[in-house]
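Working notes, beginning with the structure itself.
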Amino acid sequence: MPIPPSLASTLLHQIDQDQALIPGLPNDVAALILSFLPYSHHCRLKPTCKPWYIFLSSKTLHSLRRHHRRRSLSHLLCVFPEDPHISSPFLFDPQHLAWRPLPPLPCNPHEYGLCNFTSVSLGPHIYVLGGSLFDTRSFPLDRPSPSSSAFRYNFLTSSWDRLAPMLSPRGSFACAAIPSADQIIVAGGGSRHTLFRAAGSRICSVERYDVERDEWEALDGLPRFRAGCVGFALREGGEEREFWVMGGYGDSRTVSGVFPVDEYYKDALVMELKGNGGGKWRELGDMWGAGETPRFGKIVMVEDEDGGSPPAIFMLDDNDILRYDMASNRWQKECSVPRRAPCKSSYGLVVLNEELHVMTIVNGIDSTETRRSRQQKRAGTLFMQIYHPRKKTWRCLVTKPPFRQPLDFSTTVMCPIQL
């Protein structure tokens, strides 16, 4: 597994030859060895010596890990338990059950209570986009406003950057990264708060962010107002060809003329992605048959990184996992979660390393720890039930999260990233 010449030359410019990464080995060989260390261990290894600090903080390391993708990349999860302006997000390594705190977002003294934002990964970066928040400069103070802010966390510099704001402020919207074009697409959304789920606005605008230019560009809007939707990009031949938007709600109605209730959509929308802009939207029709009750659980997509099979789309509905059949435009039951969530608790669903991770907070699971602090008891135990779609097998993991309070997966934002 030789290092490409371009990467080797970059490394030689950063580290002098008389400062060996590993004594007795050429630096290019030592760099290859160090690149296979799990990412969650890098912070503890950086203080070893100056050459290690330079290498483990360099673009060369990231390029090497990308070059040997299947062997060296760590599949990690960035967890935002609450408003990232006041509470630090954490990076979680499920393979080694390791947690690492990240710096909070740059604080704005006039804004608080950020929720319903979206986080997406692209390269060695995590993006935090939009959301609903309260602004002390607005009136009335008890009404949430949509945000157009955009932030990016750079894992190479361990710092947050403020990006160009979106053209339209929005929260609870569809979002997908387009790695082949170094872009991000957002669609729909509006403003709502976790305590007032049927309140707030809805929009239909669609935008595309160009990472290199730090610019947002308007695309053809959705056919109708839509918020609370899920977005993902489907790849073909190594490039993203289509942007899908599923679920979401539009208008709202009242029960007994008092209680507002969202009217959920039953269809899906697809936009063909083109080099010079997005295409027109096409509607796929209702995903639920006559007499079926629509269900609106968490939706994720599992991609085959080897490209041997088409992507699979799954929904977690209560304790059932449903698979979307593109040919029939219908949801079909795949399996059930082996252990049901405790009463009044919520599930989290993410995809890591082509596996579905169903996460919940429970108490009473035995741990290898003999002593537990009060903080750990309050936070509960994170119980992960992991499903492999191709093997159709389940396994589980148990870990202690570093949070002061139990995670509420109905509001917690999670973003997978490969580093």
Side-chain angles (χ1 to χ4, degrees), residues 80 82-83 113-120 127-134 143-149 166 168-177 184-207 219 221-233 243-255 259-271 281 283-288 293-301 313-318 322 324 331 346-351 408-415:
F80 298 84
E82 52 185 341
D83 186 347
L114 180 66
C115 64
N116 296 321
F117 59 92
T118 297
S119 181
V120 64
Y127 292 79
V128 174
L129 308 174
S132 300
L133 49 77
F134 296 99
R143 182 173 300 172
S145 303
S147 172
S148 60
S149 64
M166 292 183 288
S168 299
R170 67 186 78 217
S172 300
F173 54 94
C175 178
I184 298 173
I185 293 183
V186 298
S191 174
R192 71 183 304 181
H193 196 265
T194 53
L195 297 179
F196 310 101
R197 296 189 176 276
S201 60
R202 288 96 159 113
I203 63 175
C204 59
S205 70
V206 180
E207 304 175 32
L219 302 179
L222 299 171
R224 296 177 298 277
F225 295 142
R226 186 183 295 248
C229 42
V230 176
F232 46 85
F243 174 55
W244 285 52
V245 175
M246 277 188 172
Y249 48 87
D251 297 329
S252 62
R253 58 184 174 87
T254 57
V255 178
F259 303 103
V261 179
D262 291 320
E263 289 282 4
Y264 280 85
Y265 291 115
K266 304 178 182 179
D267 62 346
L269 302 172
V270 179
M271 171 189 282
W281 289 97
E283 301 184 35
L284 298 183
D286 291 349
M287 298 179 290
W288 307 98
T293 302
R295 287 169 280 186
F296 310 99
K298 301 178 185 294
I299 300 176
V300 295
M301 181 182 65
I313 303 169
F314 295 93
M315 175 192 296
L316 178 62
D317 175 65
D318 194 13
L322 311 180
Y324 175 69
W331 290 97
S346 57
Y347 276 132
L349 178 66
V350 294
V351 176
D408 181 1
F409 288 108
S410 62
T411 58
T412 298
V413 176
M414 298 184 291
C415 176

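Given the structure is predicted, the values throughout are model-derived calculations rather than measurements. For the numbers below, each heavy atom of this structure counts, side chains included, while hydrogens, waters and symmetry mates do not. This chain uses plain numbering: 1 for the first residue, then up along the sequence.
Val128 places none of its side-chain heavy atoms less than 4.5 Å from the side chain of Val413. Side-chain contact between Met301 and Trp244: absent, with no pair of heavy atoms (C-beta onward) separated by less than 4.5 Å. Considering only heavy atoms from C-beta on, Ile313 comes within 4.5 Å of Trp331 through its side chain. Looking at Leu269 and Leu222, their side chains come closer than 4.5 Å, going by heavy atoms from C-beta outward. Residues Val206 and Ile185 form a side-chain contact, since some pair of their non-hydrogen atoms from C-beta on lies under 4.5 Å apart. Within the 4.5 Å cutoff, no side-chain heavy atoms of Tyr347 are placed close to those of Phe409. Side-chain contact between Arg224 and Asp267: present, with at least one pair of heavy atoms (C-beta onward) separated by less than 4.5 Å.
Judged by distance alone, the side chain of Asp408 and the main-chain N or O of Ser410 form a donor-acceptor pair under 3.5 Å. Put simply, the side chain of Ser191 gets close to the backbone of Pro144: a donor and an acceptor are under 3.5 Å apart. Although no hydrogens or angles enter the test, the distance criterion places a donor-acceptor pair under 3.5 Å between the side chain of Arg202 and the main chain of Gly250.
By the side-chain contact (heavy atoms from CB on, under 4.5 Å) test, Ser145 pairs with Ser138, sequence neighbours left out. Residues that satisfy the salt bridge (Lys or Arg N to Asp or Glu O under 4.0 Å) test with Glu207, not counting sequence neighbours, are Arg170. Taking the side-chain contact (heavy atoms from CB on, under 4.5 Å) definition, one finds that Cys229 meets it with Ala174, Arg226, Val245, sequence neighbours left out. Annotation: ring pair (Phe, Tyr, Trp, His ring centres under 6.0 Å) contacts of Phe117 (sequence neighbours excluded): Phe80. Shown here are the salt bridge (Lys or Arg N to Asp or Glu O under 4.0 Å) partners of Asp83, two or more places apart in sequence or in another chain: there are none. Here Asp318 pairs with nothing under the salt bridge (Lys or Arg N to Asp or Glu O under 4.0 Å) rule; sequence neighbours left out.
Partner of Val300 under the side-chain contact (heavy atoms from CB on, under 4.5 Å) criterion, chosen from Val230, Val351, Val350: Val351.
Listed here is the closest heavy atom pair of Pro146 and Pro169: O-CB, 3.5 Å. Between Ser132 and Gly171, the shortest heavy-atom contact is OG-CA, 4.3 Å. Closest of all the heavy-atom pairs between Ala233 and Ala176 is N-CB, 3.8 Å. Here the shortest heavy-atom pairing between Val120 and Cys175 reads CG1-SG, 4.0 Å. Annotation for Met166 and Leu129: closest pair CE-C, 4.3 Å, computed over non-hydrogen atoms. The heavy-atom pair separating Tyr249 from Ser172 by the smallest distance is OH-CB, 4.1 Å.
Note that the CD1 atom of Ile203 and the CZ atom of Phe225 stand 9.0 Å from one another [nearest 0.5 Å]. To the nearest 0.5 angstrom, Leu316 atom CG is 10.5 Å from Ser346 atom OG. Here Ser119 contributes atom OG and Met414 contributes atom CE; the two are 11.0 Å apart, rounded to the nearest 0.5 Å. The CH2 atom of Trp281 lies 11.0 Å from the SG atom of Cys204; values are rounded to the nearest 0.5 Å. One distance of note links CD of Glu82 with OG1 of Thr412; it measures 8.5 Å at 0.5 Å rounding.
The environment of Tyr264 atom OH is dense: over 12 non-hydrogen atoms of other residues, nucleotides or ligands sit within 6.0 angstrom.
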